[in-house]
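Written below as structure tokens is the structure these notes are about.
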Number of protein chains: 2
Amino acid sequence: MAEPAILIVEDHVKMADSISKGLEENGFTTEVAYDGFIGKRLSDAKDYELIILDINLPQINGYELCAHIRKKNASVPIIMLTAMGSTEDKLLGFDQGADDYIVKPFEFRELLARIKALLKRVQPDPKSLRVLRVADLEIDLDSKTVKRGNISIDLTAKEFLLLEFLVQNKGKVVSKADIAEKIWNITFDTGTNVIEVYVNFLRKKIDKNFPVKLIHTHIGMGYILKAGDDANQN
Amino acid sequence: MAEPAILIVEDHVKMADSISKGLEENGFTTEVAYDGFIGKRLSDAKDYELIILDINLPQINGYELCAHIRKKNASVPIIMLTAMGSTEDKLLGFDQGADDYIVKPFEFRELLARIKALLKRVQPDPKSLRVLRVADLEIDLDSKTVKRGNISIDLTAKEFLLLEFLVQNKGKVVSKADIAEKIWNITFDTGTNVIEVYVNFLRKKIDKNFPVKLIHTHIGMGYILKAGDDANQN
DNA sequence: CATCATTTTAAAAGAAATCTCAGCTTGATT
DNA sequence: AATCAAGCTGAGATTTCTTTTAAAATGATG
């Protein structure tokens, strides 16, 4: 099935579309229902990641719809979004099972923040897989492990930092000055050649035994991490 | 174990006491801190069911305190409660990891509704997550007991905390700085070596008499808990 | 207040990582 | 091709990090 989406039930077309657009720009998938009846049909038909509900809706009002959704799906987060700002209204909303209640007018950024706060509760961080890849090189920032293909590679702390920096800038040439600052906290005026030495260490470990080299030198400029050999770069 | 309580960090004594009274009337247990420093101490010392945070606090402001709490306890719900109602303020609050943000003045019944809505989200898992496992190591957070295979292991309080932290981050390298902050509440600039000593204590108890070691050192990076020896990672 | 367990400090030895240095190789320029 | 600058490499010195032991502080208990 398609990725989970956010359902927006709102009869003001402009408002609905602007929320939808804003959310999509922030990486969410959305579906819009312009009245309560369609909202009900959609929410019955599939499971949403989150539902945004206006209260003054044609056909079925937001409170009823909220109660209906809750009866069938205890876990989907629901945000009520309405012009009615009295405490009584809010309490009614929470009573029907809403998780949050936002009064119009509001700033989109606040809605977004509240959506994120709520989603954080429901899907406790999908294991924050912090894994970076370049070609068949894979570096895991959590376990601090590195693999090329399916061969594990042991790196020391400095080597790992350097590789991480290169991977984060894959496809870009990074100067020795940048590296010196980032990894060694020095200003690269000192007559040291640690960087060359460590690039050499890295090459021995991640490139030497593999046909495709990943670390490339641009003389006078710095180093770049990418697949493809020096012949066909640019 | 004592029943979980709600922590209220708020310097306006009348406000704090009135919230506390209202919550107790509704069946909650509460504790009050009248400044940020005490709030920090309390939140460090034990796990709360929920935390209500004022922002304009003496000593430590609410944003900092919120970030601090989040770093140590990812899951406790935090409600910010403040007179500063601009969207910027709210976004800042959510950025620090708050779950809700209520602007004064507000009605108590709304606060109560929002607390309930939030708790509804958090409660569901306390049963299953109370026992953590890594390989044949089993640690029970309720009874504070530890077993390896079917051999019981006695740990002291600090040893248990350290092991719990490692287990919660199983498969990830945790730095000594992280450990120092989480377990000792120090900033790890102090020239102490308690951490090494305690890792050594733990190893004697949970690894020494077993063929498969669980605690592994990544020199210059930290420690990681996982099955499998350093040779065949992952 | 004496005792015992726990926590923390201190110090030494060992292991591993980091860095320096000198000589070598490669690439750019003429 | 000759020259010079830039980068590479291997060996070993230096430094840092980790482990381990022992003993001193701290705290809890009766």
Side-chain angles (χ1 to χ4, degrees), chain A residues 144 146 153-166 173-180 182-209 213-225 229-231 233-234, chain B residues 45 144 146 153-166 173-209 213-225 229-231:
Chain A
K144 309 288 185 192
V146 175
I153 299 172
D154 270 330
L155 296 186
T156 69
K158 273 268 149 61
E159 288 165 358
F160 191 90
L161 280 177
L162 175 57
L163 179 59
E164 181 183 342
F165 185 57
L166 290 174
V173 173
V174 294
S175 71
K176 287 186 197 168
D178 291 341
I179 295 174
K182 176 81 179 180
I183 312 294
W184 275 270
N185 293 313
I186 56 177
T187 36
F188 196 56
D189 41 14
T190 54
T192 178
N193 73 332
V194 245
I195 296 176
E196 277 113 329
V197 172
Y198 267 83
V199 168
N200 189 33
F201 286 164
L202 267 188
R203 280 182 163 140
K204 279 186 193 157
K205 291 186 177 180
I206 74 165
D207 271 346
K208 191 173 185 192
N209 301 309
K213 310 304 179 192
L214 297 178
I215 301 173
H216 309 273
T217 305
H218 280 214
I219 292 180
M221 296 173 172
Y223 298 96
I224 185 173
L225 192 79
D229 58 27
D230 297 277
Q233 52 191 223
N234 280 10
Chain B
K144 309 287 183 194
V146 175
I153 298 172
D154 270 330
L155 296 187
T156 70
K158 274 268 146 61
E159 287 165 358
F160 189 88
L161 280 177
L162 176 56
L163 180 59
E164 179 182 343
F165 185 56
L166 290 175
V173 172
V174 293
S175 71
K176 287 185 195 167
D178 291 341
I179 296 174
E181 263 191 44
K182 175 82 180 180
I183 312 293
W184 276 270
N185 289 315
I186 55 178
T187 35
F188 196 57
D189 40 14
T190 55
T192 179
N193 73 333
V194 245
I195 296 175
E196 281 98 336
V197 172
Y198 266 83
V199 168
N200 193 33
F201 286 163
L202 268 188
R203 279 184 163 140
K204 280 186 191 155
K205 292 187 176 180
I206 73 164
D207 270 347
K208 191 173 184 191
N209 301 309
K213 311 304 179 193
L214 297 179
I215 302 173
H216 308 271
T217 305
H218 280 215
I219 294 178
M221 297 171 172
Y223 297 96
I224 184 174
L225 193 79
D229 58 26
D230 296 279

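Note that these values count all heavy atoms, side chains included, but never hydrogens, waters or copies made by symmetry.
Residues satisfying the salt bridge (charged side-chain N to carboxylate O under 4.0 Å, His left out) test with B/D207, not counting sequence neighbours, are B/R148. For A/K176, the side chain to side chain contact (heavy atoms under 4.5 Å, CB included) partners are A/F188, A/I195, A/E196, A/Y223, not counting sequence neighbours. Contacts of B/N193 classified as side chain to side chain donor-acceptor pair (under 3.5 Å), with partners at least two apart in sequence or in another chain: none. Applying the side chain to side chain contact (heavy atoms under 4.5 Å, CB included) test to B/N185 and every residue at least two apart in sequence or in another chain returns B/D44, B/K72. Applying the side chain to side chain donor-acceptor pair (under 3.5 Å) test to B/S175 and every residue at least two apart in sequence or in another chain returns B/D178. Residues satisfying the salt bridge (charged side-chain N to carboxylate O under 4.0 Å, His left out) criterion with B/K158, sequence neighbours excluded, are absent altogether. Residues satisfying the side chain to side chain donor-acceptor pair (under 3.5 Å) test with A/N200, not counting sequence neighbours, are none. Not counting sequence neighbours, B/K182 has no partner by the side chain to side chain donor-acceptor pair (under 3.5 Å) test.
Between the CG atom of B/L202 and the P atom of C/dT8 there is a distance of 13 Å, rounded to whole Å. Summarising the geometry, the separation between CD1 on B/I179 and P on C/dT8 is reported as 14 Å, rounded to the nearest angstrom. C/dA17 atom P lies 15 Å from atom CH2 of A/W184, rounded to whole Å. A/L162 places its CG atom 11 Å from the P atom of C/dT18, with the value rounded to the nearest Å. Between the NE2 atom of A/H216 and the C1' atom of C/dG27 there is a distance of 17 Å, rounded to whole Å. Atom pair B/D154:CG and C/dT7:P shows a separation of 12 Å (rounding to whole Å applied).
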What is the per-nucleotide protein-contact pattern of nucleotides 4-23 of chain D, from the 5' end, where B denotes a base atom under 4.0 Å from a protein heavy atom, S denotes such proximity for sugar-phosphate atoms only, and - denotes neither?
-> --SSBBS------SSBBB--
Going 5' to 3' through nucleotides 25-30 of chain D and flagging B where a protein heavy-atom sits under 4.0 Å of the base, S where only the sugar-phosphate is that close, and - otherwise, we get ------
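Note that CD1 of B/I183 is 11.0 Å distant from CZ of B/F160, once rounded to the nearest 0.5 Å. Once rounded to the nearest 0.5 Å, the distance linking CG of A/D154 with NZ of A/K205 reads 7.0 Å.
Between B/T156 and C/dT7, a side-chain N or O to OP1/OP2 separation shorter than 4.0 Å is present.
Legend: salt bridge (charged side-chain N to carboxylate O under 4.0 Å, His left out) pairs involving residues 214-225 of chain B, not counting sequence neighbours: none detected.
Taking the nucleotide of DNA chain C with the nearest heavy atom to each of A/A157 and A/G191, the more 5' of the two is matched to A/A157. Two residues, B/T192 and A/L155, neighbour DNA chain C, and the one matched to the more 5' nucleotide by heavy-atom proximity is B/T192.
Using five terminal pairs a side, the axes of the helix from C/dC1-D/dG30 to C/dT30-D/dA1 at its two ends make an angle of 40°, given in steps of 10 degrees.
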